[in-house]
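Quantities reported herein were computed from a predicted structural model and do not represent experimental measurements.
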Amino acid sequence: MSCEGPKHSACARPRCGNIMLVKPLIFGHMPGLVLSSAHGECLGPFILRLGAGASRWADGCGPVWPRPPGTADWSEKAGPAPCCWVGVRSFLSPLLAWIIFKAAFALVSEDTKKEVKQSKNLEKGGISRKSDVDLKGIVFVIQSQSNSFHAKRAEQLKQSILKQAANLTQELPRVLLLHQMSKQEGAWTILPLLPHFSVTYSRNSSWIFFCEEETRIQIPELLETLRRYDPSKEWFLGKALHDEESTIIHHYAFSENPTVFKYPDFAAGWALSIPLVNKLTKRLRSESLKSDFTIDLKHEIALYIWDKGDGRPLTSVPEFCTDAVNASCATTFHSFLPLCGHPVKKEDIFFAVKTCKKFHGDRIPIVKQTWAGQASLIEYYSDHAESSIPTVDLGIPNTDRGHCGKTFAILERFLNHSHDKIAWLVIVDDDTLISISRLQHLLSCYDSSEPLFLGERYGYGLGTGGYSYVTGGGGMVFSREAIRRLLASKCRCYSNDAPDDMVLGMCFSGLGIPVTHSPLFHQARPVDYPRDYLSHQIPISFHKHWNIDPVKVYFTWLAPGEEDKARQETQKGFKEEL
């Protein structure tokens with residue numbers, strides 16, 4: 001049913017709907033009522049007409065006579081009058097008319113009154129009244145990886161979602177694993193897949209909900225949360241993070257006030273409404289993605305959607321959680337050290353530290369004061385042999401920029417001169433801080449007979465067919481099989497000072513060996529990440545000594561302690577939950 005005809009100045013935009021608010025109005029000597037919602041909209045499928053000593057309810061929006069003074073001259077031919085004006089024939093006394101109206105509208109139910117209150121509360125938060133979203137209207141996308149360990153974790157989460165849906169006796173939702181959706185190198189950056197989501201799901205879906213492999217979802221609470229947002233509008237929902245200070249990993253964006261820009265914590269899950277997906281798809285088709293670096297995906301996606309203020313900012317959703325702070329959380333994220341059997345033995349991990357003569361006196365002592373004592377096998381590779389450390393001169397001169405020549409020399413030395421039983425090689429900088437005990441736990445979940453290139457994943461030129469790589473500062477982890485395949489290929493440095501991590505990424509991409517990402521490795525310092533982000537992590541590494549006390553950072557964030565053991569004990573229960 002639609003309401004047509006002229007608007008009265010007391011009404012924002014007349015339409016039919018449930019009576020929400022009853023406002024007395026006087027037009028000269030004539031009493032009347034304006035029916036409106038909490039949003040200021042004129043409503044009223046019920047029109048009260050009183051005349052000739054009788055009263056009745058008119059179901060629908062029809063003309064109301066006599067017209068209020070000062071309004072347009074309505075006629076039957078002109079169409080129905082606004083359904084928000086209820087007038088009373090003038091021969092009735094104002095007092096009698098008022099009594100009649102008061103009695104009539106006392107019939108409004110308590111349920112309607114509750115709806116008014118709820119609408120008011122939602123309006124205060126800028127949220128629409130509840131929509132009718134059900135599970136078939138949500139497409140779940142798990143940000144999975146092709147490595148066997150990660151693919152298994154993602155499949156377990158998928159089955160958890162489907163089981164909950166079945167228990168609700170609802171139609172099963174679509175649950176997609178990101179690594180299965182596209183062989184495109186940059187699929188993990190999400191944006192290149194939006195046109196696919198738009199074409200495939202825009203007709204029958206309302207939301208695309210993204211989550212990580214370790215995100216835990218309570219389906220009833222998620223449905224209740226999403227129903228608060230009008231799916232016909234553009235929404236970008238998530239748990240909001242912000243920088244405490246401008247940081248290099250975000251190119252010092254918003255340096256004057258870094259707290260002003262909000263971006264989602266992927267661990268808590270995040271959602272895009274289909275109208276926003278469609279809008280972003282149009283933009284992607286009209287202008288190509290920039291072919292530069294992908295460093296912190298969650299920040300860069302938020303920047304793209306925000307579009308320098310012309311797009312949508314992130315809407316913070318308190319029910320998207322990383323810690324189970326209350327019963328209303330629709331999502332949570334469990335912090336734990338992955339442990340798949342026994343931790344890898346220290347004797348199975350070889351550590352290679354890249355250094356040069358000018359840092360022998362200040363950086364190497366910090367390595368030895370912090371994490372080096374936990375390593376069973378470690379060597380320091382330099383441009384100068386110094387027996388007191390000792391360092392190994394690989395015959396590669398030091399370079400000010402990239403260290404590709406040195407890194408490939410380390411790889412060849414490991415493959416040709418170390419014992420075959422040493423399964424893992426870890427290459428770090430001399431200002432990398434790393435937890436060896438945590439790395440032992442993490443590596444227990446990977447098969448060293450598979451080609452594995454592990455660390456914090458960055459990307460270059462992924463919008464135009466580029467490649468992913470492991471950023472070197474946080475540490476690069478190689479299985480022996482990965483090194484064997486790399487050196488068997490013809491892929492090498494184009495110069496000694498080429499960026500080693502990017503060349504390795506390009507080589508492994510050409511070999512069809514994907515980067516395996518772990519957010520527990522960090523290219524920057526703890527102060528460069530939001531506190532809320534680090535609060536649900538058990539970090540494995542950080543990088544850089546600039547403006548920090550690296551010894552203090554190590555013992556605060558990375559040194560083995562009782563807390564690690566306690567967290568490891570929680571893993572059994574967590575596995576049972578899945």
Side-chain angles (χ1 to χ4, degrees), residues 337 343-394 396 398 403 406-407 409-411 413-414 417-419 421-444 454-456 470-478 480 500-501 518 520-526 538-546 548-565:
L337 280 169
V344 169
K345 295 178 181 179
K346 291 182 180 180
E347 294 77 17
D348 291 334
I349 309 173
F350 191 99
F351 289 89
V353 182
K354 294 185 299 180
T355 188
C356 62
K357 183 178 180 180
K358 66 179 179 179
F359 292 133
H360 288 184
D362 55 356
R363 293 187 181 180
I364 297 304
I366 291 173
V367 173
K368 293 192 172 188
Q369 189 178 349
T370 55
W371 61 270
Q374 300 293 317
S376 177
L377 301 170
I378 185 171
E379 283 188 342
Y380 302 87
Y381 297 103
S382 179
D383 57 343
H384 175 75
E386 189 168 329
S387 58
S388 61
I389 295 178
T391 60
V392 176
D393 184 357
L394 293 170
I396 306 294
N398 187 56
H403 309 287
K406 182 183 293 183
T407 295
I410 292 170
L411 293 170
R413 180 181 175 90
F414 174 80
H417 299 288
S418 67
H419 198 289
K421 288 186 178 180
I422 303 175
W424 302 100
L425 171 66
V426 182
I427 299 180
V428 297
D429 292 347
D430 52 10
D431 56 351
T432 301
L433 301 169
I434 191 166
S435 171
I436 292 178
S437 62
R438 294 176 188 175
L439 181 62
Q440 290 176 259
H441 282 78
L442 179 64
L443 291 181
S444 71
L454 170 69
E456 183 180 14
V470 170
T471 179
M476 299 182 289
V477 181
F478 306 80
R480 178 175 287 272
D500 53 352
D501 47 7
S518 171
L520 305 182
F521 295 82
H522 300 87
Q523 172 68 15
R525 309 161 301 166
I538 303 177
I540 285 176
S541 71
F542 290 105
H543 181 228
K544 294 290 185 187
H545 295 172
W546 183 63
I548 62 169
D549 178 349
V551 175
K552 183 178 179 181
V553 167
Y554 174 78
F555 284 102
T556 300
W557 290 95
L558 300 169
E562 292 301 317
E563 186 179 5
D564 286 352
K565 295 178 181 179

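By the 4.5 Å heavy-atom criterion applied to side chains, Val426 and Val477 are counted as neighbours. Here the side chains of Ile378 and Trp371 are in contact, with some heavy-atom distance below 4.5 Å. Looking at Arg480 and Leu425, their side chains never come closer than 4.5 Å, going by heavy atoms from C-beta outward. Residues Ile389 and Lys368 meet the side-chain proximity criterion, which asks for heavy atoms closer than 4.5 Å. Between Tyr381 and Ile396, every side-chain heavy-atom pair lies at or beyond the 4.5 Å cut-off. Leu454 has its side chain within reach of Leu442: a pair of non-hydrogen atoms, C-beta onward, lies under 4.5 Å apart. When side chains are defined from C-beta on, Pro539 counts as touching Arg438, because their heavy atoms get closer than 4.5 Å. At a threshold of 4.5 Å between non-hydrogen side-chain atoms, the residues Arg413 and Val392 count as touching.
The salt bridge (charged side-chain N to carboxylate O under 4.0 Å, His left out) search around Arg525 returns Asp528, not counting sequence neighbours. Every residue two or more places apart in sequence or in another chain was checked for a ring pair (Phe, Tyr, Trp, His ring centres under 6.0 Å) with Phe521, and none qualifies. In this view, His522 and Tyr529, Phe542 satisfy the ring pair (Phe, Tyr, Trp, His ring centres under 6.0 Å) rule, not counting sequence neighbours. Residues passing the salt bridge (charged side-chain N to carboxylate O under 4.0 Å, His left out) test with Lys544: none are found, sequence neighbours excluded. For Trp424, the ring pair (Phe, Tyr, Trp, His ring centres under 6.0 Å) criterion is met by no residue, not counting sequence neighbours.
Between the side chain of Thr370 and the backbone N or O of Val551, no donor-acceptor pair lies under 3.5 Å. A donor-acceptor contact shorter than 3.5 Å is absent between the side chain of Glu456 and the backbone of Thr471. Of the possible donor and acceptor atoms, one in the side chain of Thr391 sits under 3.5 Å from a partner among the backbone N and O of Glu386.
Across all non-hydrogen atoms, the minimal contact from Ile434 to Val428 is CD1-CG1, 4.4 Å. Shortest non-hydrogen contact noted between Val553 and Pro526 is CG1-CG, 3.8 Å. The shortest heavy-atom contact between Gly473 and Thr432 is O-OG1, 2.8 Å. Asp429 and His543 make their closest contact through OD2-NE2, 3.3 Å (heavy atoms, listed as atom of the first residue, atom of the second, distance). Taking both residues in full, the closest heavy atoms of Ile422 and Leu377 are given as CD1-CD1, 3.6 Å, listed atom of the first, atom of the second, then distance.
Note that OG of Ser541 is 9.0 Å distant from CD of Gln523, once rounded to the nearest 0.5 Å. Distance check: Lys346 NZ to Gln374 CD gives 4.5 Å after rounding to the nearest 0.5 Å.
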For a quick test of your reading: what N or O donor-acceptor pairs under 3.5 Å do the side chains of residues 348-359 make, sequence neighbours left out?
from: Lys354; atom 1: NZ; to: Asp500; atom 2: OD2; distance (Å): 2.5
from: Thr355; atom 1: OG1; to: Asp430; atom 2: OD2; distance (Å): 2.8

